[in-house]
Amino acid sequence: MNRIYFDHAATTPLDKRVFEKMTPYFTEIAGNANSQHYFGREAMKAVDEARDKIASLIGARPSEIYFTSGGTEADNWALRGIAQAFKNKGRHMIISKIEHAAMITTAAELEKQGFEFTYLGVDENGVVDLEELERSIRPDTIFIGVMYANNEVGTIEPVKEVARIAKEHGITCFSDCVQAMGAIPVNVKDLGVDLLSFSAHKFYGPKGIGALYIRNGLPMGRIITGGHQERTKRGGTTNVPAVVGFAEALSIAEKELDENAKYVSGLRDRFIDRVLSEIPFVKLNGHRTQRLPNNADISFEYIEGESILFSLDLEGIAVSSGSACSSGSLEPSHVLLAMGVDEALAHGSIRFTFGKHNTVEEVDYAVDKLKEIVARLRAMSPLFAEIKGEVKNV
Ligand SMILES: *Cc1c(COP(=O)(O)O)cnc(C)c1O
């Protein structure tokens, strides 16, 4: 079967050029970067070069880049590290309602430890409310976190304005840039944030490696204690091949950013245009223009998203459903609910995220299959039969 991958927001395949850069560090140059001999020095040299490259690509200094096991750890560190470092100043933190689970779940943990959270709402396009942000700030607010681009609906957030507001009030500002990095330009100076997370496997780099940018001079607690790695702020033997791959993936992503954005947004727009015009009772979620180049999140009325996902999978097409399967029960996406999408519609949502290796033929094939699947599933839906009856009777 010809397999089609439209789930690039979940993860991307490793770029072959990145793989080639990484391989020597698994075998020939396999020293521990902290060892004081030739093999250690060679490994450390590679790590230093990678750190320099990554820092310069995002407008940071090398000493502001801390490697982590990925976006989840970087998000955890941002929240928990600031909670620890500033708990005597205050215990109130602000994040948006549409943050990734790495943030939402960590916030819930911190609430149990006595921190208080305000969850910022978004409008129907998924854009955070800046006036609500202003109103939510208190003397004891120590953290504001708004993601740069949402992983479900692709909406790009006004992070620069969020950071400006945070700065005016002397509050630490963080942005989860895991989806944005490599897809749209990201520069820490331009955004004005104090902390920023990103992860290599979202831009054709290896899984299990990410980073937290921590502005020099910012007080910061630790969550992983151990050896002296990462300037004693994050213990654990450095994953040298992953770090090397991370830097290479980011430099390729930045070099080819315009070209890729143009290409994948072309695929996305063709997909959206065809779906909206050829399939009845569908709705595009997220901002129409202020969105990631590769994201199309669509609600199909009168059907369960999971049924579409499984049917597409049988046809060899990989997508993601808006609902997350938690503790055996299917809960609708917290992002769509925050945007005011009603629960039934949220259950019928599917995320299609395109990548640089996808083709127009794949898009067209997927739309053709999708039309068949949606028609078939709706034909089996008693609710849809009823609605159709009503439509006809009007
Ligand atoms: C994927 C993702 C994460 C988690 O990153 P991992 O490296 O997979 O742990 C965090 N935030 C957003 C917005 C993401 O898309």
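For ligands, and for the atoms within them, numbers begin at 1 and follow the listed sequence.
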Could [X] and [Y] be called an ion pair, given the rule that one side-chain N must be under 4.0 Å from one carboxylate O?
X: Arg135; Y: Glu132; result: no
X: Arg270; Y: Asp364; result: yes
X: Asp194; Y: Lys167; result: no
X: Glu259; Y: Lys356; result: no

Would you say [X] and ligand 1 have an N/O pair spaced under 3.5 Å apart?
X: Lys202; value: yes
X: Asn151; value: no
X: Gly71; value: yes

For ligand 1, which atoms have a heavy atom of [X] less than 4.0 angstrom away?
X: His201; value: 6 (P), 7 (O), 8 (O)
X: Met147; value: 13 (C)
X: Gly70; value: 7 (O)

What protein heavy atom sits nearest [atom], and how far off is it?
atom: atom 3 (C) of ligand 1; result: His100 NE2, 3.5 Å
atom: atom 7 (O) of ligand 1; result: Ser199 OG, 2.6 Å
atom: atom 4 (C) of ligand 1; result: Thr72 OG1, 3.5 Å
atom: atom 11 (N) of ligand 1; result: Asp176 OD2, 2.7 Å

For this session: Start with the C-alpha distance between Lys371 and Glu278, add both sets of side-chain angles, then the distance that settles salt bridge (Lys or Arg N to Asp or Glu O under 4.0 Å), and finish with yes or no.
Result: CA-CA 8 Å; Lys371 280 165 72 173; Glu278 296 175 36; 2.8 Å; yes

For this session: Indicate, as side chain, backbone, both or neither, the part of Asp75 found under 4.0 angstrom from ligand 1 when only non-hydrogen atoms are considered.
Result: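 Under 4.0 Å from ligand 1, Asp75 contributes side-chain atoms alone.
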
Exercise. Can you tell which part of Lys207 has a heavy atom less than 4.0 Å from ligand 1: side chain, backbone, both or neither?
Worked result: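 Neither part.
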
For this session: With side-chain contact (heavy atoms from CB on, under 4.5 Å) as the test, would you mind laying out the steps for Phe384 and Phe281 before giving the verdict?
Result: CA-CA 10 Å; Phe384 186 62; Phe281 304 108; 3.7 Å; yes

Problem set entry | Phe67 and Phe246 aromatic ring geometry - parallel, tilted or perpendicular at 30°/60° bounds |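 Answer is perpendicular, since the angle exceeds 60°.
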
Exercise. Which residue, Lys89, Arg91, Glu116, His92, forms the side chain to side chain donor-acceptor pair (under 3.5 Å) with Thr141?
Worked result: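 So the option named by the test is His92.
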
